[in-house]
Visitor: 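Quick one: structure below, then a few questions.
Side chains are part of it too, since the values below use all heavy atoms of this structure and drop only hydrogens, waters and symmetry mates.
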Amino acid sequence: TRADAVATVWPSFVRDFPTPHQLAAASESRIALSIRPLGLAQKRAAYLKQLGETLSRSGTVPTNLADLMALPGVGPYSAGVFLASWRGDRTAPVDSNVRRVLGRVALGTDIADRRQAAHLVGRLLSKGDAATGLFALLDFGAAPCRPRQPVCHMCPAGSFCAFKRAQVTPAGGRTSSASSGSPSGQ
């Protein structure tokens with residue numbers, strides 16, 4: 001789910017369902033209506049209602065990966081992002097955007113495999129603010145390191161990006177050039 005889509009839904013969602021108890025008490029159709037712009041509304045609404053019910057019963061939010069992943073609708077990526085942003089844990093949540101950015105910048109390939117990316121994320125998040133580092137990777141994946149037409153000439157990682165140095169063309173696309181006419185914007 002794109003961050004800009006979540007940003008449009010989040011304020012009203014939190015206003016409508018500020019506590020797990022209120023989320024649990026809401027109908028699935030009401031929840032689905034509030035998250036419809038994100039897609040898969042019915043499936044996600046069912047998970048959100050179950051999540052509200054579970055958190056209402058327990059009275060606490062789990063603080064470790066295994067317990068978070070036991071919650072309805074929560075997988076390793078969501079749990080990792082939550083732990084990195086909420087607790088500052090140095091977790092390694094890896095999605096296709098993170099795999100693409102790290103594959104390009106560090107390895108010079110169009111995408112890193114999951115194991116390589118998890119290792120690189122772990123190293124990157126080992127110092128400093130884990131949440132800021134994670135969200136920076138996600139921002140890079142949205143722009144400038146887009147899947148089909150990365151904007152290499154605008155990228156702050158351009159001076160050390162292995163992908164740009166290798167002038168790799170992404171699968172199914174091309175890089176966006178500034179004015180040089182070359183495929184990689186160099």
Visitor: Show, in sequence, the C-alpha distance, side-chain angles and deciding distance for Val98 and Val121, and conclude whether the side-chain contact (heavy atoms from CB on, under 4.5 Å) test is met.
Guide: CA-CA 8 Å; Val98 169; Val121 167; 3.5 Å; yes

Visitor: Roughly how far apart are Asp89 CG and Leu65 CG, rounded to 0.5 Å?
Guide: 9.0 Å

Visitor: Roughly how far apart are Arg165 CZ and Ser159 OG, rounded to 0.5 Å?
Guide: 9.0 Å

Visitor: Rounded to the nearest 0.5 Å, how far apart are OH of Tyr47 and CG of Leu40?
Guide: 10.5 Å

Visitor: Quick one: does Ser78's side chain have a donor or acceptor within less than 3.5 Å of a partner on Val74's backbone?
Guide: no

Visitor: Rounded to the nearest 0.5 Å, what separation is found between the SG atom of Cys155 and the CZ atom of Phe160?
Guide: 7.0 Å

Visitor: Please give me the minimum heavy-atom distance between Ala79 and Leu68, naming the atom from each residue.
Guide: CB-CB, 3.8 Å

Visitor: For the residue pair Ala26 and Phe17, what are the closest heavy atoms and their distance?
Guide: CB-CE2, 3.4 Å

Visitor: When you look at Arg104 and Asp110, which way does the salt bridge (charged side-chain N to carboxylate O under 4.0 Å, His left out) test go after all the steps?
Guide: CA-CA 5 Å; Arg104 288 177 178 175; Asp110 199 33; 3.0 Å; yes

Visitor: Taking all non-hydrogen atoms of both residues, which atom of Phe82 and which atom of Pro62 are closest, and how far apart?
Guide: CE2-O, 4.1 Å

Visitor: How long is the span from the CD1 atom in Ile35 to the CG atom in Asp16, to the nearest 0.5 Å?
Guide: 12.0 Å

Visitor: Begin from the C-alpha positions of Leu138 and Asp95 and carry the test side-chain contact (heavy atoms from CB on, under 4.5 Å) through to its verdict.
Guide: CA-CA 9 Å; Leu138 295 173; Asp95 70 354; 3.9 Å; yes

Visitor: Test: salt bridge (Lys or Arg N to Asp or Glu O under 4.0 Å). Region: residues 32-49. Which pairs qualify, not counting sequence neighbours?
Guide: Lys49-Glu53

Visitor: Given Phe140 and Val105, is the side-chain contact (heavy atoms from CB on, under 4.5 Å) satisfied, shown in steps?
Guide: CA-CA 10 Å; Phe140 262 87; Val105 173; 5.5 Å; no

Visitor: On a heavy-atom basis, which atom in Ala112 and which in Leu107 lie closest, and how many Å separate them?
Guide: CB-CD1, 3.8 Å

Visitor: Minimum heavy-atom separation for Ser56 to Ala24, with atom names?
Guide: OG-CB, 4.1 Å

Visitor: Using a 3.5 Å distance criterion without hydrogens, assess whether the side chain of Arg99 forms a donor-acceptor pair with backbone atoms of Val94.
Guide: no

Visitor: Which atom pair, heavy atoms only, marks the closest approach of Pro150 to Cys145?
Guide: CB-CA, 4.3 Å

Visitor: For a side-chain contact (heavy atoms from CB on, under 4.5 Å) check, start with the C-alpha distance between Leu55 and Leu71, then their side-chain angles and the critical distance, and finish with the verdict.
Guide: CA-CA 9 Å; Leu55 293 176; Leu71 293 171; 4.2 Å; yes

Visitor: What is the distance from atom OG1 of Thr63 to atom CH2 of Trp86, rounded to the nearest 0.5 Å?
Guide: 6.0 Å

